[in-house]
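Structure, as C-alpha cells:
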Amino acid sequence: MFFHIVLERNMQLHPRHFGRNLRENLVSKLMKDVEGTCSGRHGFVVAITGIESVGKGLIRDGTGFVTFPVKYQCVVFRPFKGEILEAVVTMVNKMGFFAEAGPVQIFVSNHLIPDDMEFQSGDMPNYTTSDGSVKIQKDSEVRLKIIGTRVDATVIFCIGTIKDDFLGVINDPATA
C-alpha cells in the first residue's frame, strides 16, 4: 500500500555547499540520500514530494559541517498482510517461486500454489497445470496475496500465496 507521510531527518552539509543555493543543495542531497531506501517502520521511500521546513543549522565542532533538521513529505510503499499485489516472477525452483512487486521481494512456496500445478524442471523451470493451459515461469506476471511479512531495520520480506480465488497468472510471456 502507498502512503503520503511527513518524515524528519537531520542533514549534514559541507561548507562548500553554502551560498545562495543552500536550500537547493540541501534538497538534492536529501533526495539522493532518502529516495529508494527502506525503513522497517515506514516502508520503502518512493519519492519526496515536498519540503515542509528546514530548521536552523547547527555547526559541528571541528569539522565545519552544519546539521539542518529537515521536515519533508514523501510517498512510501509498505506491504501488509492480506494485501493483493501484482508482481513479476524473478526465479522459479522446486521450493516455489520468487516475485517482485516494486522494491519488495515475495516468496510463494509450492504449498501455496494450487494443487493442480506441477513443477517442471529444465532449461526454463516452471509450474504448469496438468492440461498445460497455465504456466508460471520467469517474467510471468502474477496476482498474489501477501500472507506474511517480516520487517528488519532496512528490508521487508514477504510470503505470498496464489491458492485463492482470482489469484494466479495474469500475463504469461510465453503466450505474448
Side-chain angles (χ1 to χ4, degrees), residues 1-11 27-50 70 72-130 132-176:
M1 191 68 70
F2 292 95
F3 299 99
H4 193 241
I5 62 173
V6 175
L7 294 176
E8 199 167 330
R9 182 178 176 107
N10 289 327
M11 298 297 302
V27 170
S28 68
K29 185 174 183 342
L30 177 72
M31 287 182 170
K32 191 178 93 178
D33 290 354
V34 172
E35 286 182 349
T37 62
C38 176
S39 122
R41 183 169 182 208
H42 302 290
F44 295 92
V45 178
V46 177
I48 293 174
T49 57
V70 180
Y72 59 95
Q73 300 170 352
C74 62
V75 175
V76 294
F77 173 65
R78 175 120 159 70
F80 288 100
K81 185 177 176 180
E83 187 174 350
I84 308 291
L85 293 176
E86 293 183 0
V88 177
V89 175
T90 56
M91 187 176 83
V92 178
N93 60 35
K94 66 181 180 183
M95 302 302 290
F97 65 85
F98 287 92
E100 288 181 351
V104 175
Q105 190 169 45
I106 303 155
F107 177 69
V108 178
S109 167
N110 59 3
H111 300 293
L112 300 170
I113 296 173
D115 296 330
D116 66 333
M117 298 192 91
E118 299 255 338
F119 177 70
Q120 309 289 321
S121 61
D123 59 337
M124 182 66 98
N126 61 64
Y127 282 89
T128 310
T129 54
S130 53
S133 62
V134 178
K135 187 184 281 189
I136 298 174
Q137 61 186 12
K138 188 177 187 311
D139 297 327
S140 294
E141 292 178 22
V142 293
R143 182 173 293 123
L144 48 84
K145 180 179 182 180
I146 294 177
I147 59 169
T149 60
R150 189 179 94 211
V151 179
D152 287 348
T154 58
V155 180
I156 299 174
F157 300 100
C158 294
I159 303 292
T161 181
I162 59 170
K163 203 174 188 176
D164 213 345
D165 292 339
F166 307 108
L167 302 180
V169 177
I170 52 176
N171 187 14
D172 185 3
T175 59

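The closest side-chain heavy-atom distance from Ile159 to Leu112 is below 4.5 Å. Val142 has its side chain within reach of Val169: a pair of non-hydrogen atoms, C-beta onward, lies under 4.5 Å apart. With contacts defined as side-chain heavy-atom distances shorter than 4.5 Å, the pair Val155/Gln105 does not qualify. Counting heavy atoms from C-beta on, the side chains of Ile84 and Arg143 come closer than 4.5 Å. Between Ile113 and Ile162 the shortest side-chain heavy-atom distance falls below 4.5 Å. Using a 4.5 Å heavy-atom cutoff, the side chains of Ile48 and Glu35 are in contact.
The CD1 atom of Ile156 sits 11.0 Å away from atom CD1 of Ile106, with the distance rounded to the nearest 0.5 Å. Taken from CZ in Phe97 to CE in Met91, the straight-line distance is 11.5 Å, to the nearest 0.5 Å. Between the OG1 atom in Thr90 and the CZ atom in Phe107 there is a gap of 11.0 Å [rounded to 0.5 Å]. The line from OG1 of Thr161 to NZ of Lys145 is 8.0 Å long, rounded to the nearest 0.5 Å. With values rounded to the nearest 0.5 angstrom, Leu85 atom CG is found 12.5 Å from Glu100 atom CD. Put simply, SG on Cys74 and CZ on Arg9 are 11.0 Å apart, with the number rounded to the nearest 0.5 Å.
The heavy-atom pair separating Phe119 from Asn93 by the smallest distance is CE1-C, 3.4 Å. Of all heavy-atom pairs spanning Arg78 and Val151, the tightest one is NH1-CG2, 3.7 Å. Cys158 approaches Ile146 most closely through the heavy-atom pair SG-CD1, 4.1 Å. Across every non-hydrogen atom of His111 and Lys163, the tightest pair is O-NZ, 3.4 Å. A pairwise comparison of heavy atoms in Ser133 and Thr129 identifies N-OG1, 3.2 Å as the closest pair. Across all non-hydrogen atoms, the minimal contact from Thr37 to Asp33 is CG2-O, 3.3 Å.
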Any chance you could lay out the side chain to side chain contact (heavy atoms under 4.5 Å, CB included) test for Asn126 and Ile136, step after step, and finish with the verdict? CA-CA 5 Å; Asn126 61 64; Ile136 298 174; 5.8 Å; no
Show the numbers, then the answer: is there a side chain to side chain contact (heavy atoms under 4.5 Å, CB included) between Tyr127 and Asn110? CA-CA 9 Å; Tyr127 282 89; Asn110 59 3; 3.5 Å; yes
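Within a 6.0 Å sphere centred on CE of Met95, heavy atoms belonging to other residues, nucleotides or ligands number 12 at most. The local environment of CZ in Phe166 is sparse, with at most 12 non-hydrogen atoms from other residues, nucleotides or ligands closer than 6.0 Å. By the neighbour-count criterion of 12 heavy atoms within 6.0 Å, atom CD of Glu118 is sparsely surrounded, having that number or fewer from other residues, nucleotides or ligands.
Aromatic ring orientation, Phe80 versus Phe3: perpendicular (interplanar angle above 60°, classes split at 30° and 60°).
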